[in-house]
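Just below is one structure, and these are the notes that go with it.
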Amino acid sequence: MGATVTEKILAAHCGGKSVEPGGFINASVDLMMANDVTAPQAIREFLRTGAARVRDPGKIVLISDHFTPNRNVASAQQVKLVREFAAGQGIEHFYDVGRTGVCHVIVPEEGYVSPGDLVIGADSHTCTYGALGAFATGVGGTDMAAAWATGEIWLRVPETIRVVYHGEPGEWVGGKDIILETIARMGVDGARYRALEFTGDAVARLSIYDRFTIANMAIEAGAKNGVFEADEKTLEYLRGRTGRKPVIFASDPDAAFADTVEIEVAALTPRVACPSLPENVKPVDELEDVRLDQVFIGSCTNGWLSDLRAAARVLKGKRVHAGVRLIVIPPSPAIYLRALKEGLIETFIEAGGAVGSPTCGPCLGGHMGVLAEGETALATTNRNFVGRMGHPGSFVYLSGPAVAAASAVTGRITHPGRVCGR
């Protein structure tokens with residue numbers, strides 16, 4: 001019997017032995033990432049083990065992003081603990097104010113992940129790196145601490161669901177619309193502790209950034225990980241970022257899949273997830289009566305340069321609706337600088353938007369755009385649970401950047417074609 005991409009990566013990290021779905025393994029880890037919210041718990045658990053030193057500081061990346069720049073004394077104490085741990089353990093890959101950004105953007109940007117890697121992160125959206133042909137999954141603080149000490153992680157080998165995308169996406173359809181449609185069909189627990197392997201002829205037409213978006217939200221279907229087979233677009237993205245040799249795996253023709261989901265992307269229109277689950281998805285045209293108080297463009301899901309370009313294309317020469325607060329946060333210094341050089345930041349500010357320094361901020365209701373009771377936001381983020389961006393009596397809709405930008409102009413959820421005249 002053949003093996004899937006996920007099974008092959010896991011097998012390569014536990015001595016080259018074959019693995020079986022449902023079986024338990026100990027596997028070596030190539031990269032371990034934690035942020036300012038999750039690293040402190042892992043640090044405390046690591047200290048409880050009695051270990052004096054982490055096994056391999058070169059494989060650890062610590063990124064202050066959720067409440068950075070610090071929003072209050074408590075968050076400052078959190079980052080101080082991480083900063084001191086990094087210095088004491090000789091962890092050079094520590095990202096602080098001025099260098100830092102959203103962790104799931106910084107990690108691939110800096111070339112820490114290559115095809116064939118096994119990556120763990122103390123954050124559920126670590127599955128983002130599956131866009132590069134890696135096995136990447138989120139873990140808790142205790143598992144992270146154990147991995148720091150041993151260099152290994154225990155895992156149950158997930159069954160794989162194959163998701164096949166057909167056709168060519170339309171003008172306003174991107175990775176966000178495709179993954180929202182996928183989650184709508186599967187449900188938020190439809191892939192619980194399973195791998196999602198994204199394939200089909202449409203994948204070749206998707207940019208690496210669309211793939212990041214899709215892999216990022218695999219967890220919103222309950223998946224353990226999401227993965228694409230690495231191809232030339234993957235390798236092109238990695239050129240100049242890493243000197244490591246990629247290890248590319250492909251599923252065997254006779255690999256066993258737990259299920260197959262097929263989606264015709266050419267038939268899709270822009271999608272929006274309605275409160276309060278990512279599976280509650282509707283076409284944008286059905287939501288044009290929804291009035292907005294705030295629009296947020298950014299995050300690890302849709303803050304990439306291509307997303308900022310898409311938003312700026314819609315906003316160019318227009319003004320944000322008087323009743324709407326538009327917040328734009330580039331997710332890394334590199335993206336911020338490039339957006340500045342291309343005039344995108346100027347477009348956002350001239351339109352009446354507020355631009356912030358790289359941070360997760362509003363995505364988790366942390367800072368830089370917390371919602372009050374009764375307020376409604378449209379965000380390019382990944383979650384819209386009750387209270388996700390602020391007061392539990394607020395409401396969050398999710399969309400791609402073009403829909404978000406168009407909606408900021410009209411004050412209501414709007415198809416970008418209506419604002420751009422097509």
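Heavy atoms only: backbone and side chains are in, while hydrogens, waters and symmetry mates are out.
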Do the side-chain N and O atoms of [X] and [Y] include a donor-acceptor pair separated by under 3.5 angstrom?
| X | Y | value |
| --- | --- | --- |
| T68 | D65 | no |
| E109 | H104 | no |
| T160 | T4 | yes |
| N216 | T213 | no |
| H166 | E262 | yes |
| T182 | Y165 | yes |
| R383 | T381 | no |

Identify the two heavy atoms, one from [X] and one from [Y], that lie closest to each other, and give their separation to 0.1 Å.
| X | Y | value |
| --- | --- | --- |
| P362 | M368 | CG-O, 3.3 Å |
| K233 | L206 | NZ-O, 3.1 Å |
| I327 | G369 | CD1-CA, 3.7 Å |
| L180 | V281 | O-CG2, 3.5 Å |
| A250 | K8 | O-NZ, 2.7 Å |
| I63 | M33 | CD1-CG, 4.4 Å |

[X] side chain to [Y] backbone, donor-acceptor under 3.5 Å:
| X | Y | value |
| --- | --- | --- |
| T100 | S64 | yes |
| R325 | A354 | no |
| D252 | D254 | no |
| T38 | N35 | yes |
| T380 | G298 | yes |
| N280 | A273 | no |
| N384 | L398 | no |
| H391 | G387 | no |
| T137 | K224 | yes |
| D123 | H125 | yes |

For this session: Scan S251, P158, P21 and name whichever one has a side-chain contact (heavy atoms from CB on, under 4.5 Å) with T6.
Result: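 The residue from S251, P158, P21 that satisfies side-chain contact (heavy atoms from CB on, under 4.5 Å) with T6 turns out to be P158.
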Could [X] and [Y] be called an ion pair, given the rule that one side-chain N must be under 4.0 Å from one carboxylate O?
| X | Y | answer |
| --- | --- | --- |
| E197 | R162 | no |
| K59 | E152 | no |
| R412 | D289 | no |
| R99 | E110 | no |
| E159 | R156 | yes |
| R418 | D285 | yes |
| D231 | R211 | yes |
| K176 | D210 | no |
| R291 | D293 | yes |

Exercise. By side-chain contact (heavy atoms from CB on, under 4.5 Å), which residues pair with F395, not counting sequence neighbours?
Worked result: P275, T376
Seminar exercise, completed: T142 meets the side-chain contact (heavy atoms from CB on, under 4.5 Å) criterion, sequence neighbours left out, with E45
Problem set entry | Step-by-step salt bridge (Lys or Arg N to Asp or Glu O under 4.0 Å) determination, D259 to R194 | CA-CA 10 Å; D259 196 5; R194 291 182 170 181; 5.8 Å; no
Exercise. Hey, mind stepping through K341 and E346 against salt bridge (Lys or Arg N to Asp or Glu O under 4.0 Å) and telling me if it holds?
Worked result: CA-CA 9 Å; K341 290 179 178 178; E346 182 178 0; over 6 Å; no
For this session: Output, in order, the C-alpha distance, side-chain angles, deciding distance and verdict of side chain to side chain contact (heavy atoms under 4.5 Å, CB included) for T414 and V419.
Result: CA-CA 8 Å; T414 303; V419 173; 4.1 Å; yes
For this session: Kindly check if the number of other-residue, nucleotide or ligand heavy atoms within 6.0 Å of NZ (K282) is above 12?
Result: no
Exercise. Does CD belonging to E264 count more than 12 external heavy atoms closer than 6.0 Å?
Worked result: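 Above 12, so yes.
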For this session: Check step by step if side chain to side chain contact (heavy atoms under 4.5 Å, CB included) holds for C363 and N382.
Result: CA-CA 8 Å; C363 176; N382 43 46; 4.2 Å; yes
Exercise. After noting the C-alpha distance and the side-chain angles of E342 and K316, does the key distance pass the salt bridge (Lys or Arg N to Asp or Glu O under 4.0 Å) rule?
Worked result: CA-CA 13 Å; E342 291 187 11; K316 186 72 173 178; over 6 Å; no
Exercise. Under the 6.0 Å and 45° cation-pi test, does R241 pair with Y237?
Worked result: yes
Problem set entry | Ring-face cation of R71 near F67 (centre distance under 6.0 Å, axis angle within 45°) |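 Positive - R71 is close enough to the ring of F67 and near enough to its axis.
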